[in-house]
There are 2 protein chains.
Amino acid sequence: MSSLDSTTATLRRRGLRVTPQRVAILRTLHGLANHPSAEDVFRTVQRDFPSLSLTTVYRTLETLAEHGEVELVHVGGERVRFDHRTDPHHHAVCTVCGRLADVEESQPGLADGLSIPFFGNERPRGNAVVFYGVCTGCRSPATA
Amino acid sequence: MSSLDSTTATLRRRGLRVTPQRVAILRTLHGLANHPSAEDVFRTVQRDFPSLSLTTVYRTLETLAEHGEVELVHVGGERVRFDHRTDPHHHAVCTVCGRLADVEESQPGLADGLSIPFFGNERPRGNAVVFYGVCTGCRSPATA
DNA sequence: GTAGCATCGAAAATCATTCTCAACAGGAAT
DNA sequence: ATTCCTGTTGAGAATGATTTTCGATGCTAC
């Protein structure tokens, strides 16, 4: 919460101007752990920052992504989701509820052996794989 | 090319009315092997069928997908792609040129061992995985 | 303090896809 | 072959996420 917290430091380190909007957006992204959409971030930040515009959220997240500070996760058809984790990992999307979960890169079976000729047989690294399926929650008895 | 070819038979089998639009679209989809978008299919069919509307292409491909006759492939951000292969397999997308390649489900390392708790540890089956990367073509020396 | 450039907000623009609705055409029964 | 019913089509409007535009604002350096 100090004026020179890690969020501010992060922006500085990236050579980006430290604006209240950027600080609020980046802080919020770290607070929302569940891969929020731009709209999700917007609604949350807006509570403390009513003048914030959705345009700025998109712009800021894009800028942060260019600087490797956040990651974009494209899930089929739906809106883009943002991830504050920047270390190598993959994602699983529930095609029913849309929730997103992290999949560690070290999954046995994923990193080992798998090679794709189209990609020159290099194994997929960080944020390169999206799995689609139905999550345990949506598969349970009480599913509509 | 006969009036009762496999395309027509396919539509009949699915209980769908056999219209010239549907025949042309399904035939074209089988002709375009590279996972075309609705727009790609539209442009191709339109050459022989100028009155065809893009709406019909979307509608027909959706209908065929519901009947398991084609598969939708969502690739990050871009338009949806359609696949005439309906047997279980996955996909690899080049993030540079957008080209799509098939990845066999029997890939050693993909089907074996891999389990995702979020999905109840079931291994991913048919059309459930999308790999992102840069294809060999886009990685070569002559890349712009 | 002021110039200059980055950033911001609001509204318009874009792009893929879907919806609406009136006109039309398969195809089963006749 | 004709008719009727219902599914299908085409054109254009609508939608929804994201991007662009542009005038206003505000850091930062001088």
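In what follows, chains carry the letters A, B, and so on, assigned in the order in which the sequence lines appear, proteins first and then strands, with residues in each chain numbered from 1. The figures here come from the full heavy-atom set of this structure, side chains too, leaving out hydrogens, waters and symmetry mates.
When rounded to the nearest whole Å, the span between CZ of A:Phe49 and P of C:dT7 equals 15 Å. In this entry the distance linking CZ of A:Arg22 with C1' of C:dC8 reads 10 Å, nearest Å. The separation between B:His67 atom NE2 and D:dG7 atom P is 12 Å, rounded to whole Å. Remark: C1' of D:dC27 and CG of A:Leu11 are 14 Å apart, rounded to the nearest angstrom. Counting to the nearest Å, the P atom of D:dA17 and the CD atom of A:Glu62 are 18 Å from each other. Across the protein-nucleic acid pair, B:Leu61 atom CG and D:dT9 atom C1' stand 15 Å apart, rounded to whole Å. For the pair B:Glu66 CD and C:dT18 C1', the interatomic distance rounds to 13 Å; values are reported in whole Å. Note: CG (B:Leu54) to P (C:dT18) measures 10 Å, nearest angstrom.
Here B:Glu69 does not pair with B:Arg22 in a salt bridge; the nearest charged N to carboxylate O distance is not below 4.0 Å.
Scored by the side-chain hydrogen bond (donor to acceptor under 3.5 Å, both in side chains) test, B:His89 finds B:Asp83, B:His91, B:Asp102 as partners (sequence neighbours excluded). For B:Ser37, the side-chain hydrogen bond (donor to acceptor under 3.5 Å, both in side chains) test picks out B:Asp40, with sequence neighbours left out.
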Identify the pairs formed between an N or O of the protein and an N or O of nucleotides 14-16 of chain D at a distance under 3.5 Å, and give each distance.
none

Show the distances under 3.5 angstrom between N or O atoms of the protein and N or O atoms of nucleotides 26-30 of chain C.
| residue | atom | partner | partner atom | Å |
| --- | --- | --- | --- | --- |
| C:dG26 | N2 | B:Arg17 | NH2 | 3.2 |
| C:dG27 | OP1 | B:Val18 | N | 3.2 |

Table of protein N/O atoms under 3.5 Å from nucleotides 11-13 of chain C N/O atoms:
| residue | atom | partner | partner atom | Å |
| --- | --- | --- | --- | --- |
| C:dA11 | N6 | A:Thr55 | OG1 | 3.2 |

Determine, step by step, whether B:Arg85 and B:Glu104 satisfy the salt bridge (Lys or Arg N to Asp or Glu O under 4.0 Å) criterion, reporting the C-alpha distance in whole Å, the side-chain angles of both residues, the deciding distance to 0.1 Å, and the verdict. CA-CA 11 Å; B:Arg85 262 187 77 175; B:Glu104 299 311 317; 3.0 Å; yes

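Side-chain atoms of B:Arg99 never come within 3.5 Å of backbone atoms of B:Asn34 as a donor-acceptor pair (strictly under, hydrogens ignored). For the pair B:His90 (side chain) and B:Ala128 (backbone), a donor-acceptor distance under 3.5 Å is present. A:His35 contributes no side-chain N or O that, together with a main-chain N or O of A:Ala101, makes up a donor-acceptor pair within less than 3.5 Å.
Side-chain N/O atoms of A:Thr56 include one lying less than 4.0 angstrom from OP1 or OP2 on C:dG9.
Using a 4.0 Å heavy-atom distance criterion, A:Arg59 is classed as a base contact.
Here D:dA17 is the nucleotide among C:dT18, D:dG10, D:dA17 with the atom lying nearest to any side-chain atom of A:Tyr58. Taking only side-chain atoms of B:Gln21, from C-beta outward, the nucleotide of D:dT9, C:dT18, C:dA10 with the closest atom is D:dT9.
Heavy atoms only, all atoms of each residue included: A:Ile25 and A:Val57 are closest at CD1-CA, 3.8 Å. The shortest non-hydrogen separation linking B:Leu72 to B:Ala65 is CD1-CB, 3.1 Å. Annotation for A:Phe42 and A:Leu54: closest pair CE1-N, 3.4 Å, computed over non-hydrogen atoms.
A:Phe119 has its side chain out of reach of A:Pro117: every pair of non-hydrogen atoms, C-beta onward, lies at least 4.5 Å apart. A 4.5 Å side-chain heavy-atom check between B:Asp48 and B:Thr28 finds every atom pair outside the cut-off. Residues B:Cys135 and B:Val96 form no side-chain contact, since every pair of their non-hydrogen atoms from C-beta on lies 4.5 Å or further apart.
Atoms CG and CG, from B:Asp5 and B:Leu26 in turn, are 9.0 Å apart once rounded to the nearest 0.5 Å.
The stretch residues 30-45 of chain B does not touch DNA chain C, since none of its heavy atoms comes less than 4.0 Å from the strand.
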